[in-house]
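All remarks here apply to the structure that follows.
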Amino acid sequence: MGTVKDRVAIVGMGCTRFGERWDAGLNDLAIEAAYEAYEDAGIGPEEIQACFLGTASAPLIGIGGTVAAEALKLRDIPIIRNENWCATGHIALIEAFMAVASGLYDVVMALGVEKLKDTGFPGLGTGRGMHPVYEARRTSPGSFALIATRYFHANGIPVEKGREILARIAVKNHRNGSLCPKAHFQSPITLEQALKAPIIAWPLGLFDCCGNSDGAAAAIITRADLARSFREDPIYVKGFGISMDSMLPHFRPGFEWTSFNALVVSSRKAYEMAGIENPREELDIAEIHDCFTITEMLIYEDFGFSPRGRAWEDVEAGLFELGGDLPVNADGGLKCFGHPVGASGIRMTYEVYKQLQGKAERPERQIGNPRRGLSHTFGGPPQLSAVAIFGNEKG
Amino acid sequence: MTGIRSFGAYVPIYRLRRDLVAKAWGRPSLGGERSVANHDEDTATMAVEAAMDCLKGAERTETDALFFASTTSPYSEKQVASLVATVVDLADEVLTVDIGGSLRSATSALILASRLAESGGARNVLVTAADSRLAHPRSDMEQAFGDGAAAVLVGQEGVIAELEEIYVLTNEMMDVWRLPEDPLVRSWETRWVLSKGYGALMERAVRGLLQKVSLSPEDIQWAVLPAPDLRSHQRLSRRLGFQSEQIQDPLLEQVGYCGCAQPLMMLSAVLETAEPGQRILLASYGDGAEALLFRVTREIRDLPKRRGLQGHLDSKLLLPSYERYLSYRGLLETVPGEPFRLLPSATAYWRDRDPILRCYGSRCRQCGTLTYPLQRVCYRCRSKDDFDKVRLSDRQGTVYTFSLDNLAGRSDDPVVVQTVVELEPEGTRFYGMMTDCVPSEVKLGMRVELTFRRIHEGAGFHNYFWKCRPVRVEG
């Protein structure tokens, strides 16, 4: 199999303010993200040769590529839309990497956009089952809480202790989010607040769950050999991995709920392509899918950041804090930056991109001299995982 | 010999103390409790429960007719017998018939079933009966009614209670009725209904039957006389000359009057303890009356143990309030919960009837993996279309993981217990909601069984599927 390592680069990115954007429709959000990306890359829409659009919750039958064609007037070029649950944004990005790596296009855009708050979706990311019978009342919190119940049991962690560890993750992400002007939730919380919050889907409480946000993010992608003609500090793509398990995990025989094969496989594929052997040591920043605090904790282990069953020790030691050895979700994550489904993967990449350039909006949240960063989303009931790894220099 | 081969019963887990109803309206209480179907139950699901109890250990291929008797079918037009037959996994070459309209529908169905078996028209006929009648809030009937179901398997071989004789009467009077648009039962003046209707017709039917077979009341060991209230039951028993030791408890104090299912529920209770040689007199009332005489055979000793009525009576949860009853029965509309905008599809529901209704999993012929729902390509070895269908609805299992979801429930029952179950013995996974439980008492490893329930309304029809519940009766 081939590789995209150092063959593709990101030369411009944009990201809207996330949140309850009553003021903006789907098209407004797309315009806001795309024009920031154009400006960042120093180009105009006429230079885009293809657009990879990610948006998950299309109204009625679908929207095709109309957001890009209508709102951005990207006429006469291929616009390819995907929907892959929460990994939609990452899949759009990876499609763009492959399109450029194939040699077909020199400059393309990946655009993720989601307008959830016109649908009557409540504040919390309830999600929904897809099947009217087998998943009649399945919600996202209800599904991910199944992981927590089993994970605590399998690792001999008392539920109260487990909930405290999860609360620490929530506190971290809220602290990080409070430093991000574009984040949906910008208030820090205390451990006590997190633990005393109402239960949403036991054992998960309010602060263990991300919310429903509106937002969009965009990336301008080009050939690595052209990248420096756009800017001095392009960000190079080092690798990616995508994996989807077969069968809804709920029904899968022997499934243990303490690890997801899609997470393990997608991260290993990305590490392999990027030449990473020890992610805990070699990664300087990671944006991972914290739709729920338990998801973030599970990913620490499935991605090889922490030993099996012992992620809690790393959480207590502060490894993943902004000032820790491997900051995770430095922008607040899905938890606080927000989770407009189709935009999330590109938003997480935006954070990695800015950090690798040393351009976090505020100095107090800039990580010192990062070289390698990872972004990741995990979608579905859950089943589908997409990972991308970036670096600020070739090699 | 034609008669009953097997039997089963069902009483919903929820009971409502009649004192709560009385207190709400400042009226006298009839005392005791009445059964209340959970919000995910109706007469179709209750009939399935009773039928599964009745078919415990029975080969499905030998039954070629199924009758569903009810005055409260979930559909005005659409057969329920076909649904029950599919869910309990009978073959499709089965005569299915719904019988309704009268409170004596179940015994009429039993008579027709025995005639059909006797004539050779069917080897075995499964008669199911369920009712969940609604009375006006504040009425005595509201306190008196209960929800429940029963089933009997009628045939000619392995008969445990031979049907010796029947006696039928029809009688046209407007005593108790409902118009198509009425959710609530109407009736004329009670004293007239009970004296000229119930009392007079039941007495005539029982006397007529005894005269027909030249027996007297003392020849009967079990007098099964369903009644709308205790006083009517006592009056009738006394007038017919039955002694207290002959009289089967009419179930009014613990369950209530379960409409057309009541005679078969009482009959089930009798068959749970009856001895060979004993005679059972079963009567039923509604637009006339019917009386049936059974004689218990030695075969009853070989019948596998089942929950029956007593097993279900012993396992119960108290409904915490009268308001909850009103809401569960749709008499009170609570604030809408989270609207789940999943679009049900009648075609998809039909196409997937094997896994959804019959609860079939697939056992791979290559590697033996048993998965639910049916998988055409094996999850483990990927062999294609090479599997046997396996009914999983009668399996038990344990809770593998769960969550208590506060987002997805009805506002009158807000906690959805999302559950992953490991079914025995292969460890097949089932995912669904837990019902009939106290959410705060759910634990990993808890023993559960599957139960067929109404999961939501959508596209204008009822959507049914399996849930799990804590095992109601061990053993």
Side-chain angles (χ1 to χ4, degrees), chain A residues 57 59-60 119-154 159 197-206 208-209 212 245-258 292 294 381, chain B residues 337-345 348-349 352 355-357 361 369-373 375 377 379-380 382 399-410 415-422 426-433 439-440 442-445 453 455-456 458-459 463-467:
Chain A
S57 58
L60 298 173
T119 61
F121 271 37
L124 266 177
T126 54
R128 284 168 179 80
M130 268 64 73
H131 196 286
V133 176
Y134 298 123
E135 305 174 80
R137 291 262 163 193
R138 190 178 73 72
T139 66
S140 294
S143 257
F144 283 82
L146 297 170
I147 301 171
T149 307
R150 194 69 204 178
Y151 178 94
F152 296 156
H153 172 79
V159 174
I199 291 293
I200 300 302
W202 185 94
L204 302 180
L206 179 65
D208 292 309
C209 309
N212 275 329
D245 282 351
S246 58
M247 249 182 114
L248 196 63
H250 305 70
F251 290 105
R252 192 184 313 154
F255 183 63
E256 293 183 352
W257 288 94
T258 51
F292 301 94
I294 182 64
Chain B
E338 160 70 12
F340 268 65
R341 301 179 194 83
L342 294 171
L343 294 177
S345 157
Y349 199 71
D352 288 341
I356 291 175
L357 298 178
T369 302
L370 178 54
T371 49
Y372 181 83
Q375 296 293 314
V377 175
Y379 168 70
R380 187 154 292 149
R382 294 199 245 202
V399 173
Y400 189 79
T401 188
F402 71 97
S403 62
L404 307 177
D405 191 337
N406 287 302
L407 293 173
R410 297 161 52 110
V415 181
V416 172
V417 184
Q418 309 271 1
T419 317
V420 176
V421 177
E422 201 161 61
E426 296 92 339
T428 308
R429 294 291 172 86
F430 172 84
Y431 164 71
M433 294 176 261
S440 60
V442 177
K443 295 204 163 33
L444 290 179
R453 298 297 168 114
I455 51 166
H456 60 89
N463 290 254
Y464 296 93
F465 185 50
W466 299 87
K467 292 186 179 183

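In what follows, chains carry the letters A, B, and so on, assigned in the order in which the sequence lines appear, proteins first and then strands, with residues in each chain numbered from 1.
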Once you round to the nearest 0.5 Å, how far does [atom1] of [X] lie from [atom2] of [Y]?
X: A:Leu146; Y: B:Tyr400; atom1: CG; atom2: OH; result: 11.5 Å
X: A:Phe152; Y: B:Thr401; atom1: CZ; atom2: OG1; result: 10.5 Å
X: A:Arg138; Y: B:Asp405; atom1: CZ; atom2: CG; result: 10.5 Å

### Query
Using a cut-off of under 4.5 Å for heavy-atom pairs, which of A:Thr149, A:Leu248, A:Ile147 has the most such pairs with chain B?
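That would be A:Thr149.
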Does the side chain of [X] reach to within under 4.5 Å of the side chain of [Y], using non-hydrogen atoms?
X: B:Tyr372; Y: A:Tyr134; result: yes
X: A:His131; Y: B:Asp352; result: yes
X: A:Pro141; Y: B:Leu407; result: yes
X: A:Phe251; Y: B:Val420; result: no

[X] versus chain A, the contacting section by heavy-atom distance below 4.5 Å:
X: B:Pro355; answer: both
X: B:Thr369; answer: side chain
X: B:Ile356; answer: both

Minimal non-hydrogen separation, [X] against [Y], with atom names:
X: B:Asn406; Y: A:Ile199; value: ND2-O, 3.0 Å
X: B:Tyr464; Y: A:Val133; value: O-CG1, 4.3 Å
X: B:His456; Y: A:Ala136; value: CD2-CB, 3.8 Å
X: A:Gly254; Y: B:Arg429; value: C-NH2, 3.6 Å
X: A:Gly142; Y: B:Ser403; value: O-OG, 2.7 Å
X: B:Thr371; Y: A:Met247; value: CB-CE, 4.2 Å

### Task
Could you have a look at B:Phe430, B:Trp466, B:Tyr349, B:Tyr379 and say which one has the most heavy-atom pairs with chain A under 4.5 angstrom?
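So the answer, after comparing B:Phe430, B:Trp466, B:Tyr349, B:Tyr379, is B:Tyr379.
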### Query
Pick from B:Glu426, B:Gln375, B:Glu422: which one has the most heavy-atom pairs with chain A under 4.5 Å?
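The candidate making the most pairs under 4.5 Å is B:Gln375.
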### Query
Any donor and acceptor pair, going by atom type alone, linking the side chain of B:Gln418 with main-chain N or O of A:Arg137 inside 3.5 Å?
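It does hold such a pair.
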### Side-chain donor or acceptor of A:His250 paired with backbone N/O of B:Gly432 under 3.5 Å
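The answer is no, because no donor-acceptor pair under 3.5 Å joins these two groups.
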### Task
Could you check A:Trp202 against B:Phe402 for ring-ring contact (aromatic ring centres under 6.0 Å, His included), going step by step and ending with a plain yes or no?
CA-CA 9 Å; A:Trp202 185 94; B:Phe402 71 97; 5.4 Å; yes
